[in-house]
**Q** 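Below you'll find the structure I mean.
Quick note on labels: first sequence line is chain A, next is B, and so on, each numbered from 1. Given the structure is predicted, the values throughout are model-derived calculations rather than measurements. Heavy-atom basis, side chains included; hydrogens, waters and symmetry copies ignored.
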There are 2 protein chains.
Amino acid sequence: MRPKLVLFGDSITEYSFDEGGWGASLANHFTRRADVILRGYSGYTTRFALKIIEKTMEGIGSDEKSPVAAVMVFFGANDAALPDRHNGFLHVPLAEYQQNLKSIYAYIKKIWPSAVVIFITPPPIYEEARIKNAWLLPEEDTSGLPERTNEAAGEFAKACITIAKECSSPVIDIWSKMQQVPDWEKSTLSDGLHLAALGNKVLFEEVLRELKALGLSDETLPADAPPVESLL
Amino acid sequence: MRPKLVLFGDSITEYSFDEGGWGASLANHFTRRADVILRGYSGYTTRFALKIIEKTMEGIGSDEKSPVAAVMVFFGANDAALPDRHNGFLHVPLAEYQQNLKSIYAYIKKIWPSAVVIFITPPPIYEEARIKNAWLLPEEDTSGLPERTNEAAGEFAKACITIAKECSSPVIDIWSKMQQVPDWEKSTLSDGLHLAALGNKVLFEEVLRELKALGLSDETLPADAPPVESLL
């Protein structure tokens with residue numbers, strides 16, 4: 001048996017195989033033991049995720065020999081864009097975000113009943129860096145206000161934790177974890193939103209910890225081929 | 001359609017999702033367009049590869065929606081270990097290496113007839129660094145001789161190219177390509193055998209070029225979900 005670990009999320013997932021990324025680190029860690037499947041969609045909210053979930057998951061497949069063991073569901077960073085700021089078109093109201101997370105959970109459990117859904121909260125936001133790294137900022141917007149705030153991200157993080165509990169699913173509160181790192185604003189984030197090397201490391205280690213709690217670790221999962229020394 | 005790209009090889013493949021690795025770079029490059037599947041086995045020769053190929057490929061699956069489009073076959077670095085040196089237990093005679101490559105090709109084409117097999121030759125060897133990084137060197141071996149030579153690796157590279165031609169398959173002559181890089185001994189290799197950051201980059205670009213020639217590029221492969229801008 002060689003399980004699959006699916007990463008389903010927004011740009012922080014899409015970029016997770018870039019240098020030092022948490023997705024590549026997982027694939028490297030589980031080499032010979034599990035396949036890490038990337039389903040990351042830059043700019044996507046839970047609303048958009050629901051539009052594509054059926055199509056994007058259909059090719060993955062899951063059978064006895066290669067079951068989907070866990071799906072990381074990592075949305076909210078875009079949903080939490082403030083409605084009255086320049087990325088307001090992304091905003092998803094908190095109640096809808098929660099309902100969408102439930103629908104994503106339900107869909108995954110429908111197609112892969114034995115898969116565990118691990119929710120990941122949105123990361124914290126460093127507002128100063130967001131002002132400097134504004135995306136699609138209209139010229140006429142001279143407010144100097146960031147499109148996301150850490151407070152809003154925190155509300156979405158709490159809302160995500162609530163849904164995880166309702167679903168009896170594990171959850172990684174990366175919003176809180178990353179803020180425990182010294183100088184987190186600059187050490188864990190590259191542009192106030194996406195993960196720097198240290199942020200990738202923190203998330204990678206949290207995912208490892210959650211997977212281990214589910215019995216998915218390099219100690220418990222069998223290697224799919226013997227070490228060369230045993231073949232000599 | 002979201003094709004799969006399978007990486008089948010030895011440690012240079014197994015480590016390809018480490019920081020800056022050519023496998024992770026491929027997954028990052030083809031995000032939303034293809035899945036990169038890692039099947040790397042440290043220390044393996046073509047002889048060992050044939051022992052496990054059935055088991056290791058069986059979970060991958062290939063169907064209309066997610067066909068295996070290409071398999072990178074990257075063995076020979078271990079086969080080319082010299083028979084009379086301290087890693088001689090790895091050595092596979094040149095004629096058997098060629099026969100084994102043909103058998104690997106035949107097996108892949110049997111299970112996935114539409115997949116293209118892309119052969120990759122063993123990389124060049126920097127002998128001085130191999131002496132310093134000797135693996136399983138017995139105490140009594142004070143010969144000071146490396147377990148691999150660049151000349152032997154070159155013979156296996158040529159033998160690999162011959163088989164690729166016989167199979168009408170593309171081949172990446174990384175043995176030659178890497179030796180065109182200034183100071184290749186230290187710039188492309190980390191320990192005289194495995195790839196440093198620059199060696200990973202050279203191989204990544206060669207793989208991209210071969211895939212593009214097969215119509216597998218980020219320009220020709222459809223994204224599996226629309227960019228967020230088109231959803232607004």
Side-chain angles (χ1 to χ4, degrees), chain A residues 1-4 10-11 13-21 23-32 34-45 47-49 51-53 55-67 78 89-90 136 197 223-229 231-232, chain B residues 1-4 10-11 13-21 23-32 34-45 47-49 51-53 55-67 78 89-90 136 197 223-229 231-232:
Chain A
M1 194 200 73
R2 184 185 172 100
K4 293 189 179 101
D10 53 34
S11 56
T13 302
E14 179 166 349
Y15 304 158
S16 70
F17 280 70
D18 209 346
E19 209 161 319
S25 296
L26 279 174
N28 189 44
H29 182 87
F30 284 108
T31 181
R32 291 194 184 197
D35 287 331
V36 179
I37 308 288
L38 174 59
R39 290 294 181 274
Y41 301 92
S42 186
Y44 272 49
T45 60
R47 194 186 286 171
F48 299 143
K51 286 185 203 280
I52 61 154
I53 191 167
K55 183 158 180 269
T56 192
M57 297 297 174
E58 73 183 355
I60 294 177
S62 181
D63 59 30
E64 257 177 46
K65 280 170 184 160
S66 190
N78 294 315
F89 54 86
L90 292 175
L136 296 181
D224 70 349
V228 70
E229 292 86 343
L231 294 173
L232 303 178
Chain B
M1 195 198 74
R2 186 185 172 101
K4 292 189 178 99
D10 54 34
S11 55
T13 302
E14 180 167 348
Y15 304 158
S16 70
F17 279 70
D18 210 345
E19 208 161 318
S25 296
L26 279 175
N28 189 43
H29 181 86
F30 284 108
T31 181
R32 291 196 185 197
D35 286 333
V36 179
I37 309 287
L38 174 60
R39 289 295 181 276
Y41 300 93
S42 187
Y44 272 50
T45 61
R47 194 184 285 170
F48 299 142
K51 286 185 204 277
I52 60 153
I53 191 168
K55 182 158 180 271
T56 192
M57 297 296 175
E58 73 183 356
I60 294 177
S62 182
D63 59 31
E64 259 177 46
K65 281 170 184 158
S66 190
N78 295 314
F89 54 85
L90 291 175
L136 295 181
D224 71 347
V228 69
E229 292 86 342
L231 294 173
L232 303 178

**Q** Between A:Lys4 and A:Asp63, is there a side-chain N and carboxylate O pair less than 4.0 Å apart?
**A**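 The answer is no: the pair does not qualify as a salt bridge.
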
**Q** Taking the side chain as C-beta and beyond, is there a heavy-atom pair between B:Glu19 and A:Glu19 under 4.5 Å?
**A**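 Side chain of B:Glu19 against side chain of A:Glu19, heavy atoms only: contact under 4.5 Å found.
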
**Q** Looking at A:Glu14, A:Arg32, A:His29, which has the largest count of heavy-atom pairs under 4.5 Å with chain B?
**A**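 The option with the most such pairs is A:Arg32.
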
**Q** Chain A: which of B:Ser25, B:Gly61, B:Ser42, B:Gly23 shares the most heavy-atom pairs with it under 4.5 Å?
**A**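 Result: the option with the highest number of such pairs is B:Ser42.
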
**Q** Is there a side-chain contact (heavy atoms from CB on, under 4.5 Å) between A:Lys65 and A:Met1? Walk through the geometry before answering.
**A** CA-CA 5 Å; A:Lys65 280 170 184 160; A:Met1 194 200 73; over 6 Å; no

**Q** Taking side chain as everything from C-beta outward and backbone as N, CA, C, O, which of these in B:Glu58 sits under 4.5 Å from a heavy atom of chain A? Side chain, backbone, both or neither.
**A**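 Side chain only.
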
**Q** Would you mind checking which part of B:Arg47 comes under 4.5 Å of any heavy atom in chain A, side chain (CB onward), backbone (N, CA, C, O), both or neither?
**A**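 Neither; nothing under 4.5 Å.
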
**Q** Rounded to the nearest 0.5 Å, what's the gap from OG on B:Ser66 to CD1 on B:Ile37? Could you check?
**A**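 With rounding to 0.5 Å, OG (B:Ser66) is 7.5 Å from CD1 (B:Ile37).
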
**Q** I'd like to know if A:Asp35 and A:Arg2 make a salt bridge, using a cut-off of under 4.0 Å between side-chain N and carboxylate O.
**A**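 Between A:Arg2 and A:Asp35 there is a salt bridge, with a charged N closer than 4.0 Å to a carboxylate O.
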
**Q** Could you tell me which of A:Tyr44, A:Phe48, A:Tyr15 has the largest number of non-hydrogen atom pairs under 4.5 Å with chain B?
**A**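 With the most close heavy-atom pairs to chain B, the winner is A:Tyr44.
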
**Q** For B:Glu229, is it the side chain, the backbone, both, or neither that has a heavy atom closer than 4.5 Å to a heavy atom of chain A?
**A**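 Only the side chain of B:Glu229 comes within 4.5 Å of chain A.
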
**Q** Using non-hydrogen atoms only, which part of B:Pro226 is less than 4.5 Å away from chain A: side chain, backbone, both, or neither?
**A**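 Both backbone and side chain of B:Pro226 come within 4.5 Å of chain A.
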
**Q** Is the shortest side-chain heavy-atom distance between A:Phe17 and B:Val36 below 4.5 Å?
**A**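 A:Phe17 vs B:Val36: side chains apart.
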
**Q** Would you call A:Tyr41 and A:Ile52 a side-chain contact if the rule is heavy atoms closer than 4.5 Å?
**A**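 They are in side-chain contact.
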
**Q** Tell me which of these, A:Gly40, A:Pro227, A:Gly43, has more heavy-atom pairs under 4.5 Å with chain B than the rest.
**A**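 Option with the top pair count is A:Gly43.
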
**Q** Please classify the contact of B:Leu38 with chain A as side chain, backbone, both or neither, using a heavy-atom distance under 4.5 Å.
**A**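 Answer is both: backbone and side chain atoms of B:Leu38 are under 4.5 Å from chain A.
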
**Q** Does any heavy atom of chain A fall under 4.5 Å from the side chain of B:Leu90, the backbone, both, or neither of them?
**A**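 Just its side chain gets close to chain A.
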
